[in-house]
Structure formats: C-alpha cells, structure tokens
Protein chains: 2
Amino acid sequence: MAKVTELKRNEDGIATVLGVLKQQFGDRFQTGDAICEQHGHTTTWLKNQSPDGVVFASSRDEVQAIVDICATHKVPVIPYGTGTSLEGHVNAPAGGISVDVTQMDQILAVHSDDLSCVVQPGVTREQLNTHLRDQGLFFPIDPGANASLGGMSATNASGTNAVRYGTMKDNVLALEAVMANGDVIRTAQRAKKSSAGYDLTRLMVGSEGTLGLITEITLKLQGIPEAISSARCTFPTVDAACQTVMQVIQFGIPVARIELLDAIQVKACNAYSKLDLPEEPLLLLEFHGSEASVLEQAEMFGEIAQEHGGGGYTSTTSTEERNKLWQARHDAYWATLQLRPGAAGISTDVCVPISRLADCVNAARARLDEEGFVSPIVGHVGDGNFHCLLLIDEQNADEMARAGAFVSWLNELAISMDGTCTGEHGIGQGKMPYLAKELGQSTVDVMGAIKTALDPHGIMNPGKVIAV
Amino acid sequence: MAKVTELKRNEDGIATVLGVLKQQFGDRFQTGDAICEQHGHTTTWLKNQSPDGVVFASSRDEVQAIVDICATHKVPVIPYGTGTSLEGHVNAPAGGISVDVTQMDQILAVHSDDLSCVVQPGVTREQLNTHLRDQGLFFPIDPGANASLGGMSATNASGTNAVRYGTMKDNVLALEAVMANGDVIRTAQRAKKSSAGYDLTRLMVGSEGTLGLITEITLKLQGIPEAISSARCTFPTVDAACQTVMQVIQFGIPVARIELLDAIQVKACNAYSKLDLPEEPLLLLEFHGSEASVLEQAEMFGEIAQEHGGGGYTSTTSTEERNKLWQARHDAYWATLQLRPGAAGISTDVCVPISRLADCVNAARARLDEEGFVSPIVGHVGDGNFHCLLLIDEQNADEMARAGAFVSWLNELAISMDGTCTGEHGIGQGKMPYLAKELGQSTVDVMGAIKTALDPHGIMNPGKVIAV
C-alpha cells in the first residue's frame, strides 16, 4: 500500500546546492535531521522521505533565487506551509530542498470595497480571519487544520463551508508564482471575472507545487453575515442523515455548513473536546443570512430532518456555543487518533454526486464493520464528500494490507459512481494510482504534457500528482 | 486597428484534406463561398477570413475523425457554434476547416437530483432552458445571444446572471474534448468538487478552441427560485447608477442581475423593442429567493438607490413584464446597430474591481463624448464589467483609427485599474495585443508553452489568444 515513486537522487547537484544555500541563507538554511524529517513527515500515513535541507524564505525574490539555484543544478524544490497535507505532498522522494514559507506571513492588502485581499503564502486561515474580523469580513474556506493559504491553494482545499462558498478554486482570484525556469508569473488581475487567455489561476490551484511555487495570493472575501445560527440534529442511522442532506441540497436550501459525524466520531469528539453530544449519527449545520432568512432556513431544514426521523434538533445563535461545536468538528482528526493511541490515521477522501451519497457512505460503513476497522466517518456531506479515518497499526502487515485494500476499494467505488478519489486532499503521492482510473490515461497524458512543458527537468515537487 | 495575425496557408495539406473530407462527409462537407464566409464572418468587426470548408459534425467520433485528418496534413481546425463571438474567434487566418457543431444538439442527460446535466456542444442556452423548465431547473448563464453551450464554454461566457451565479468557469463541472493528437479526454467526473490533478476543465473553458474541440459538457444547474422579481430604477447620472451598484455589491445583497443601460442605450432599446422606458441612465435588476427574501432584497436596494437620487423605482413579479424587459436587454446589441444603420459595431469588454467601476465608466463616457462617437454604455455592472458599443463607418479610415485608439486607451485604462481587457468576450484575434500588457510576458509565455505542448503543429484554431 505504501508504494511511493522511487526517484533517483542527483547527489552531485544536491551537494552543490547545499553549499550555495548555506552561503546565501546562513541560519535560515537548515540541514539537521530533525528539521528535515519534520519537513517530510507530516500528517500523512506515508513513509517519511526527508528533504536534504530546509530554507526559510522571506520573500518572493528569495524563492526565485532558491528555484534558480536548484534549477541550475537540477535539484528538487518542495514548497512547505504548515505540513498538514495528508497524501505525502511534502515528502522528498528524490531529496532536494524544502522551501518553508511560514515566514512569508504578511497580509499585503485588504481591499474591503472589492471584497478581496492579497496575502503571502505563509498566512494561515485563522490569522487572516482574525485580521479581517474588525472590518466585517471573513474568508470562508476552512479545512480542519489551521493551514497556510499557500498550501490551501496548492491542494485546492475546501472544508466545511464549501457547500455554500465553494473551494479554493472558487475563491482565489489571482496568484503569483515562481516557475521552474525562475520566471515570476501573475495569473490574473483583480477584477471579479476575466476571459483573458488560459486560466492559469485555476491551473496553479490544485497543482500541489508541481508546476511552480506560489508566492502571493489574491483571495475573494465575504461580508460577515448579518445573522449566523448553528444547529445540530441526531438521526437513527447514517443513512437517514444522508437522505436528509440529499433533500436539503436538492431543495436548494443555502446551508453554509452541513457536516455528518457518525456515532464513533461523536464519541471521539466527546472525549477529546469534553462535550456531551448524544452518541448517534449527527448533522452539524450552520445558516448564514439575514435574521429572517436564517430562521427560514432552519425551519425548512427541521421539516426535512423530521421526515427522516431526525431528533434532538436544537439551534442557537450563541457565538460561544457555536465556536465550541465547530472547534470540536475541526479537531475531529486529532480526536479520532485518540481512539487508538499509537495507531496511524489513514484518511480517505472520496466525493460523489449527491444522489449517490447515501449509497457510498452505507457501503463504506458496512465494509469497515465487516473488516473490524476502528474508523469513524465524517464529512462535508452537502458536497457529497466524506472521510473514513482508519486507525491502523503500521507494524501489522496484515492490517496495513487490509487497510490498503479498503482504500482502493472505496476509491474505485466512488469512481464507479461518477465521483472522485479526492474531494479536497489532493493526489500527492498516495492517490497517484487512482488518477488514471478516474480520468483515463489520455487525460493524465495531457497533465503530463503540461508538467513536462513547464518543468522539463522535473524539479518542482517531483513524484507527486503524476509520474513523468 | 484591424491588425490580425497573418499566418501561412498550407496549400497542399488543405487541398488533400478537402478531398478526404468530401469523400467521407458528402453533403455534410461544404466549400461554397457563401457558407465559408458565413462561418468566418460573424458578429465581429474584424476582417473576414473564411475557412476552406465547413463540416457539419454529428458526433464525437466524427469530430475525432476530422481532427485526425487535419492533424495528419497539418491543416487548421476551427470550432463553430452559433457564430456569435465578438473578437474574430471563428476566423481562419491560415484557412482550414470549420467544424460546425450545430447538429450536435442533444441533451444527453439531466441529473435532476444532482442539479447537473450533460449536453452536446451545439445545444443552445435557450434550448436547454426550455427543456429544463418542467423539471423546475434552469441554467443561469446568459450572454445576450442564444449561443451554443460549446461556444459559451470555449469563451468562458457570462452575462447578466453572473453576478449571482458566476461565469461558465463556475458552472462547467466537466467536459469531453478532442485534442490535437486525436485523443479524447474527459476532464473530470460528475462530483461537485475534486482535487484530482490539474484542473483541465477550467483550462479548456476559455481556451477558445486553441487547445482542443469540446464535444460534451457537464453543467451545474439551479432550481428555479421560489420567487423572482424584477425592478428598474432611473438615475440622474451614470455615476449615480454606478455608485448605487458599488454599494449593493459591498453590502452583499445577493442580486441575481444588476444591469446598467445609459440613456443612449435606453433610447435604442425603446426604438428596437417598442418600449417606453424613460430615456435616462437605468438599472435593471432581478432578485431570486424565497418570497420573503426577494421582498427584503428589493427593499434594501430601494434604500440604497434613493440615497443616490434613484427615481421611478418599480418592481414586478409578473413573468410577462419581466421577460419583455430582459428580452430588450438581450437585444441591446441589435438595437444599438439600428442607431446608425450600416455602421459596424465595435464592442469593448473591460472589467474592473467594483471599487473602480464608476471611475472607469465615467472616463469612458467622457472620452466617447469628447470624440463624438455614437456609443451606448451597457453592462453587467455588478461584476464591474461593461461594454461601449461604438458605431463606426468601416470605410472611414479616420473614424476607424480613432475607434482603435479609443479601444486601446480603454483597455489600458482598465488594466491600470487592476482590471482586464476582457470580462467575458475572450481574446480571439482582437484582444491579442493586450494580453501581455495585462498579465506580463512571462505569463503569456506559460500559456504559449502549454499551447505548444498540447498542439505542437498549431492546428487548433491558430492565430487566436496567443501567437506561438
């Protein structure tokens, strides 16, 4: 299962680059084992493949200089934000240089009249939202982790609010990137729409550092809604919860969030976040709008939920209560890991058309139970996207093999339902075997041709997304 | 001004292809002057450059066969939908074969539970909406013309509803295309979101036939809102109307449409569509939502408009009245041409951040007046996008030169305001000189590298978007 691309190391090139970077960056260039390992090994279940050194870049010009040096010596360059990706995105299968952008954490401009802002890639989503709050604005995309906006752009992240506000792809207006040849490109201006040439913005978003390194991002913002209410509702079965979600989406209720936690997930969250939610399948919701509209949405939801046996429906406009609930939801990954201390967490990420959601979730639950895996199911079900988080003893070969077989089976099931093997985590190393199954070899060949055209020596985050 | 790329014709290749296509397609392959001219000359002000022949394709396999034949003999292939593009998109500067997809007009599937459908490229937006109406669904994107969905995808069209529902880029879930090497690719599955590899969907949308020929499109659909109301409001000046729009957007009122027509445009529409609107700057609006929400939106708009001197504010939920008004708006292009019979219409298409809208529109109006051009201003102002439609005597060299100078000046003004030279029409031939000014040569070089990688012999709609 943990098969990753084995790429050849360019030992001479790496040795030279290590010397040059040490000279140019001094203490901001580190080659210690611990720091290198930390920049390879992140939240992923894949084998750690450490870079040879880590540069803490502080500006676009520095990123450009690093890429130039690495390009000259044909050495891999791997961008690093907060290290919260899940499919081996920051591993260094052929060694090379990790470019840590956490020091590029400036919010360069907030254009409040235009509902947009410009940030450096190391700014995290929480940092941005704290900065925006006083201006009555927010940035809606929220993967569980407090990820960097550069990383979120690179993987096309989404999360709980995507059902209403879309994914990174829908919220990045433009970006600046350093390409493999050292050129700096700016993909678009700041106008809300444009038909000026190929959409390089959306090509770079989700390209996982394999085409260029993102050095600046222009984001759409939203006004903080006049009213926000959150709600929760339990269901007798996961199926009943999914049927409810399907109807909510089909009726066009503009929910801002609609998240499923199955009973095991609720149990984990109760323990980790000191809550006392009933340990049954649960939907967590949020409604945004005017006072009247929020009430109307909550009422419509309640009617649908009741038809499907929903119970204990409570809603609140208390910010404190709401934050506590969503913090628990965002901590679900960490909460789950506590269910089996020491185990590795393997997260799946399928996304299917909403009409197939219940079928897909039910099939996944049945097989998890059949195999005896400890694994909650949690997800952004309004988009048809859910995660199983399997807790596996990495030392147990049989367990690892069975987990691998489960992941393959689920990915292929989603693909057979006209869905995808990754709704938001990205391909990285872990999902590479599924890309051609999902889209066909001709489509992957087109991606390969683009990769080769823009990065002929294969130095940009090699061994991720596609093998070329 | 009417400078277009002069490309070399491959006479031998063209002669061979004409023979092969005649044999394979019989009467569905036409080489008559009139039909060829009609497939080059469309609504554009650019010089007609006719293809050498027109094939009426009826299936994906036929498109693939045509591309194969043309690729073998290195002959240009130019896709043709309804011919309503405005920047010379369907011209054939090096000759070649126009692939008319109007016979590929099947709606292949409507997945009402998933709010999506699958269509062939020759289906027009009106045809689709007529088909969907009984299922309570609609497809929101509406450029003025009853364009084909293939063409709308190729140019990343938008129109009046984009302020609420986005552009084609936001509404194409997946597409199938025949690439220059004859491969058929499918860019995505039907799930609502995906992080599986490079976003080829959005790369193809807006690529104007220069990377591949679209043969199938999966579109997002919307439920017909519970309530729709339309409204109109006049303003003492265009500036007052723009200031109103800016505030509406900044306040986050989710208008479905907010269109500006200046006094000249209103006059033209009155005459063409037999209306009696007051001939002053006008905003036309539409609100979608629940009964309560539509009322609330209309009220909030009314308050903002009043602050800016808006008058004669009337709203209606009558479908008939609404359709009449929007039909007039959609006919604005034709109405304007009647202001100076025999003149050519040159449409600009700049789009700026909303905070610069009034500045840009005011500057455009002042210069149009200074130069004495007959030109209304009309636009999708909620997105910061507006059009001047200059009526020019093509035989008058001085007028043509001055019009060209105006277009250049306006494009550069918008670019200087962090805007774009094309909000929705695309680059085609006419906007090619502005692409590098807008995005920089490095960015255009990346587009060029992609073009060359995917179409090494330059047969896909050559001489458009970028010169390679």
Side-chain angles (χ1 to χ4, degrees), chain A residues 111 113-114 155-156 158 162 167 169-170 179 183-187 189-200 202-203 206-207 223 250 252 290 292-293 296 351-355 383-385 418-427 435 438-440 442-443 446-447 449-450 453-454 465, chain B residues 113-114 155-156 158 162 167 169-170 179 183-187 189-200 202-203 206-207 223 250 252 290 292-293 296 351-355 383-385 418-427 435 438-440 442-443 446-447 449-450 453-454 465-466:
Chain A
H111 301 284
D113 284 353
D114 293 316
T155 54
N156 184 30
S158 41
T167 68
K169 216 149 267 193
D170 305 301
M179 307 304 283
D183 277 3
V184 174
I185 68 165
R186 204 174 160 69
T187 58
Q189 298 270 75
R190 214 162 50 74
K192 194 179 154 203
K193 61 183 202 179
S194 168
S195 287
Y198 305 157
D199 189 344
L200 300 185
R202 271 120 164 194
L203 183 65
S207 66
Q250 286 153 9
S290 66
S293 142
E296 190 175 54
C351 183
V352 294
I354 195 78
S355 64
D383 291 321
N385 182 207
D418 222 341
T420 175
C421 66
T422 174
E424 55 182 9
H425 295 168
I427 295 291
L435 193 58
E438 182 169 325
L439 299 174
S442 298
T443 302
V446 169
M447 294 182 191
I450 292 169
L454 300 185
V465 186
Chain B
D113 284 353
D114 294 315
T155 54
N156 185 28
S158 39
T167 69
K169 217 149 265 192
D170 305 301
M179 308 304 283
D183 276 2
V184 174
I185 68 165
R186 202 171 164 72
T187 58
Q189 298 268 75
R190 213 161 50 72
K192 195 179 153 204
K193 62 182 202 181
S194 168
S195 285
Y198 305 157
D199 189 344
L200 299 184
R202 271 120 164 192
L203 182 66
S207 66
Q250 287 154 9
S290 65
S293 143
E296 190 175 53
C351 182
V352 294
I354 195 79
S355 64
D383 291 321
N385 181 209
D418 223 341
T420 175
C421 66
T422 175
E424 55 180 12
H425 295 167
I427 295 290
L435 193 58
E438 181 169 325
L439 300 174
S442 297
T443 303
V446 169
M447 294 181 191
I450 293 170
L454 300 185
V465 187
I466 39 168

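The basis for the numbers below is simple: all heavy atoms, side chains too, and nothing from hydrogens, waters or symmetry mates.
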Side chain to side chain contact (heavy atoms under 4.5 Å, CB included) partners for B:Leu200, two or more places apart: A:Thr443, A:Val446, A:Met447, A:Ile450, B:Ile185, B:Thr187, B:Tyr198, B:Leu203

Among the listed options A:Ser293, A:Ser207, A:Gly223, A:Gly197, the residue most often paired with chain B at heavy-atom distances under 4.5 Å: A:Gly197

Atom of B:Gly423, atom of B:Ser158 and distance for their closest heavy-atom approach: O-OG, 4.2 Å

Interatomic spacing from CD1 in B:Ile427 to OG in A:Ser194 - rounded to 0.5 Å: 7.0 Å

Residue, of B:Gln250, B:Glu296, B:His425, that accumulates the most heavy atom pairs under 4.5 Å with chain A: B:Gln250

Chain B contact via A:Leu454 - side chain, backbone, both or neither, heavy atoms under 4.5 Å: side chain

Toward chain A, the part of B:Asp170 with a non-hydrogen atom under 4.5 Å: side chain

Closest contact, heavy atoms only, B:Ala191 versus A:Gly419: CB-CA, 4.0 Å

Greatest number of heavy atom pairs closer than 4.5 Å to chain A - which of B:Ala449, B:Gly252, B:Cys351: B:Cys351

Residue selection (most heavy-atom pairs with chain A, distance under 4.5 Å) from B:Ile466, B:Val465, B:Asp383: B:Asp383

A:Asn385 portion near chain B, given a 4.5 angstrom heavy-atom threshold: side chain

Toward chain B, the part of A:Thr155 with a non-hydrogen atom under 4.5 Å: backbone

Leading residue by heavy atom contact count with chain B [cutoff under 4.5 Å; candidates A:His111, A:Arg190, A:Lys192]: A:Arg190

Top of B:Gly206, B:Gly426, B:Ala196 for chain A proximity - count of heavy-atom pairs under 4.5 angstrom: B:Ala196

Contact winner vs chain A - B:Asn156, B:Asp114, B:Thr420, heavy-atom pairs under 4.5 Å: B:Asp114

Straight-line distance of B:Lys169 NZ to A:Arg202 CZ, nearest 0.5 Å: 6.0 Å

Max heavy-atom pair count under 4.5 Å with chain A, selected residue of B:Pro353, B:Ala453, B:Ser442: B:Pro353

Contacts of B:Glu424 that satisfy salt bridge (charged side-chain N to carboxylate O under 4.0 Å, His left out) - sequence neighbours left out: A:Lys193

Region of A:Leu435 that comes under 4.5 Å of a non-hydrogen atom in chain B: side chain

